[in-house]
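One structure is given here, and the rest of the page talks about it.
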Protein chains: 2
Amino acid sequence: MGERLVDTVRRFNRTVTQRVGALDDGYLTRDRPLAQARLLWEVGPAGAEIAALRTRLGLDAGHLSRLLRTLEGDGLITVNSAPGDGRVRVAQLTSAGRAEWDVLDRLSDELAWSILEPLSDSQRTRLAAAMTEVERLLMASLVELRDCHPGEPAARACLRAYTRELAQRFEDGFDPGVGDDDLVPPTGLFLVATLSGEPVGCGGLRLVPGEPAEIKRVWVSPSVRGLGLGRRIVRELERRAADAGADLVRLDTNDSLTEAIQLYRSSGYHEIPAYNDNPYARHWFAKPLIKDDASGR
Amino acid sequence: MGERLVDTVRRFNRTVTQRVGALDDGYLTRDRPLAQARLLWEVGPAGAEIAALRTRLGLDAGHLSRLLRTLEGDGLITVNSAPGDGRVRVAQLTSAGRAEWDVLDRLSDELAWSILEPLSDSQRTRLAAAMTEVERLLMASLVELRDCHPGEPAARACLRAYTRELAQRFEDGFDPGVGDDDLVPPTGLFLVATLSGEPVGCGGLRLVPGEPAEIKRVWVSPSVRGLGLGRRIVRELERRAADAGADLVRLDTNDSLTEAIQLYRSSGYHEIPAYNDNPYARHWFAKPLIKDDASGR
DNA sequence: CCATATACCTGACTTTAGTCAAGCAATCCG
DNA sequence: CGGATTGCTTGACTAAAGTCAGGTATATGG
């Protein structure tokens with residue numbers, strides 16, 4: 001039965017991904033090299049930082065620079081230094097570039113419509129629903145979890161979002177207090193989850209030798225909630241804690257974070273007495289770590 | 001609401017198609033050029049005719065030939081003339097090529113599993129179901145309908161399948177009688193539906209000036225049934241008949257072709273008295289054609 | 001048997017894509 | 001203020017993809 005599922009995924013990858021992908025490229029290319037067309041599209045009406053384009057398109061810095069130069073030469077974009085930081089450069093569409101982008105936008109609409117057009121109404125609705133489902137579930141697989149210094153931009157973005165959200169949800173606001181710069185080896189660690197470059201979640205671990213490990217700053221972007229990312233982050237943090245020699249992991253949380261409490265309970269955590277005086281904490285949880293070097297499944 | 005559906009399709013195309021597609025390519029490439037890897041994969045354990053590879057991969061004849069020469073030079077495939085026709089050449093995997101193919105097969109399994117792995121059981125099932133749905137419905141859109149001489153290989157394949165199926169379904173067998181070589185302009189036409197090069201359906205139209213047009217040889221491959229292709233073929237034939245000046249289109253059919261009868265009834269056909277003495281016909285249908293040069297949505 | 005068509009191959013390109021090291025300007029850090 | 005770092009650009013490549021005009025066997029139809 002696992003075999004059947006794998007076959008389904010493989011067939012899907014082959015047929016849908018390659019064929020529709022090729023179709024998409026063909027439509028959007030407009031007798032311009034594919035990389036240029038994609039780049040022009042990604043710059044978009046709002047403009048974009050070059051670093052962002054690089055991660056989104058997965059291009060080499062040199063290659064990207066050259067592509068930008070070509071588009072600039074064709075009068076489709078301008079590249080200027082960012083106002084804040086002179087090293088950062090920002091690409092903007094010129095009016096000619098905008099016109100071209102609009103054409104791509106229209107073609108993209110037409111392609112989408114050409115897919116829907118031969119279908120009956122009910123088929124169209126079913127297709128859209130199935131596409132949304134596939135997309136959401138694939139997201140979960142494409143999220144990458146990696147170690148990240150809390151000071152890195154991706155981490156800071158997550159922590160800002162985390163703080164903003166808690167401030168909104170807690171009755172009496174939220175002040176994160178001191179920074180999270182201690183969440184680096186050897187006294188801790190910080191994980192950031194990214195979806196094609198964009199940070200979509202995070203989690204920290206504080207490690208004090210001889211004491212239980214502590215999970216902190218677990219946050220998942222609303223855009224990917226309900227896909228099990230929180231559970232995945234917590235599981236990874238537990239694994240790291242075990243690797244570091246901890247045999248217990250604990251954390252504090254607040255009543256208003258109902259999904260989090262639900263997650264911890266269903267992940268094997270049980271409530272314990274307060275182990276700190278965090279003014280925002282209302283519940284304290286702990287989970288014993290069982291060491292196993294042979295990971296099952 | 002049409003707009004929402006189009007947006008869904010566009011988002012799907014972008015995220016799923018590009019990201020999963022790139023992932024797929026990366027896995028399967030095995031530090032061999034992508035085109036070579038894909039070609040090796042397409043040759044497969046059963047071997048393949050070069051013409052088939054060309055259409056399946058959408059490659060230029062020269063480019064393909066060179067790729068074949070490279071794989072041949074690496075000892076992965078052999079290319080020999082086909083037994084029937086000395087011009088046609090067939091690629092076969094050598095044992096080394098077969099071993100390489102097996103590796104690709106395994107990697108493909110691993111990639112599929114890496115997508116499923118982070119998901120819960122119920123999510124996996126839902127993903128597989130949604131993928132199957134997307135795939136089937138996209139098929140309908142990717143089917144291309146084109147004019148085709150009844151003597152062309154694609155047409156002959158359809159007509160053979162048509163004949164075989166009727167012979168099986170009719171109580172007293174089926175003999176197509178004379179060929180369908182009259183289904184060419186100006187006395188008629190023949191359409192073949194292809195799904196990425198493979199013929200999956202057909203339909204013919206006989207045109208006699210001053211007489212009603214006649215629909216013949218409508219067939220849809222079992223692999224794509226239930227996706228509205230039959231209806232699409234009939235609709236296109238009606239359009240062609242109208243373009244040719246006919247104001248009525250008629251056809252004959254047999255009791256055992258229940259889906260066809262259902263299709264004709266729901267497409268606006270009504271039963272009429274026998275207009276010919278086709279020994280296999282049990283029902284005769286007709287539909288008046290309304291001319292409209294402004295085709296609505 | 002000969003003209004024509006088919007199916008593929010070769011040579012001789014051009015265009016894209018992608019890599020790597022070196023370099024420069026802006027910024028950050030102590 | 002001076003040395004490191006960051007962010008991007010350039011030069012100098014290589015590899016892969018794709019194109020196009022011949023060319024060579026094999027088949028087909030009169």
Side-chain angles (χ1 to χ4, degrees), chain A residues 18 22 25-26 28-40 43 47-74 77-92 149 151-154 156 181 197, chain B residues 18 22 25-26 28-40 43 47-74 77-92 149 151-154 156 181 197:
Chain A
Q18 286 192 13
D25 291 344
L28 298 187
T29 205
R30 294 256 299 162
D31 53 42
R32 193 190 309 286
L34 179 55
Q36 272 180 46
R38 277 220 254 262
L39 177 55
L40 183 66
V43 170
E49 292 189 359
I50 289 183
L53 294 171
R54 205 166 46 230
T55 62
R56 279 218 292 272
L57 293 164
L59 293 173
D60 170 84
H63 188 193
L64 175 60
S65 185
R66 239 171 288 273
L67 290 172
L68 288 167
R69 229 45 57 220
T70 309
L71 290 179
E72 211 171 22
D74 291 354
I77 62 169
T78 56
V79 179
N80 299 298
S81 296
D85 186 335
R87 292 168 304 184
V88 175
R89 313 207 49 180
V90 176
Q92 299 274 350
H149 189 283
E152 272 185 46
R156 299 176 76 94
D181 294 339
Chain B
Q18 286 193 13
D25 291 344
L28 297 187
T29 203
R30 292 256 299 161
D31 54 43
R32 193 189 309 288
L34 179 55
Q36 272 179 46
R38 276 220 255 263
L39 177 55
L40 183 66
V43 170
E49 292 190 359
I50 289 182
L53 294 171
R54 204 165 48 229
T55 62
R56 278 218 292 273
L57 293 165
L59 293 174
D60 170 83
H63 187 193
L64 176 60
S65 185
R66 240 171 289 271
L67 290 171
L68 288 167
R69 229 44 62 219
T70 309
L71 290 179
E72 210 171 23
D74 291 353
I77 63 168
T78 57
V79 179
N80 299 300
S81 295
D85 185 334
R87 294 167 303 181
V88 175
R89 312 203 29 147
V90 177
Q92 299 273 349
H149 189 282
E152 273 186 45
R156 298 176 76 94
D181 293 339

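Note that this is a predicted model, so its numbers are computed, not measured. Each chain gets a letter, A, B and so on, in the order its sequence line appears, and its residues count up from 1.
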d(CD, A:Glu49; C1', D:dT6) in whole Å: 13 Å

Per B:Val88 side chain, nearest of listed nucleotides C:dA7, C:dC9, D:dT9: C:dA7

Candidates D:dT26, C:dC9, D:dA16 - which lies nearest the side chain of B:Pro33: D:dA16

Whole-Å distance separating the CD1 atom of A:Ile50 from the P atom of D:dG7: 12 Å

Atom of A:Arg89, atom of A:Val79 and distance for their closest heavy-atom approach: NH2-O, 3.1 Å

Those residues of residues 57-68 of chain B lying under 4.0 Å from DNA chain C by at least one heavy atom: B:Gly62, B:Ser65, B:Arg66

Heavy-atom closest contact (A:Arg56 atom, A:Ala48 atom, distance): NH2-CB, 4.2 Å

Touch class at under 4.0 angstrom, heavy-atom based, for A:Arg32 against every strand present: nothing

Given C:dA17, D:dA17, C:dC9, the nucleotide with the shortest approach to the side chain of B:Arg89: C:dC9

Separation of D:dT9 C1' from A:Ile77 CD1 (nearest whole Å): 14 Å

Rounded distance (Å) that lies between atom C1' of C:dT16 and atom CG of B:Leu34: 14 Å

Nearest-neighbour nucleotide for the B:Asp85 side chain, D:dT6, C:dC9, D:dT26 considered: D:dT26

For atom CG of A:Leu71 and atom P of D:dT9, their distance in whole Å: 12 Å

Residue whose nearest DNA chain C nucleotide is more 5′ - A:Ser81 or B:Val90: B:Val90

Side-chain heavy atoms of B:Leu71 within contact of B:Gln36, under 4.5 Å: yes

Whole-Å distance separating the CG atom of B:Asn80 from the P atom of C:dC9: 11 Å

A:Glu49 versus A:Val90, closest heavy-atom pair with distance: CG-CG2, 4.1 Å

Whole-Å distance separating the CG atom of B:Asp31 from the C1' atom of D:dA15: 14 Å

Closest heavy-atom pair and its distance - A:Gly86, A:Ser81: O-OG, 3.4 Å

Euclidean distance, atom CG of residue A:Leu39 to atom P of D:dC8 [Å, nearest integer]: 13 Å

pair A:Asp25-A:Arg38: side-chain heavy atoms closer than 4.5 Å: yes

Backbone N/O of A:Ala37 and side chain of A:Arg32: donor-acceptor pair under 3.5 Å: no

Phosphate-side-chain proximity, A:Arg69 and D:dC8, N/O vs OP1/OP2 below 4.0 Å: no

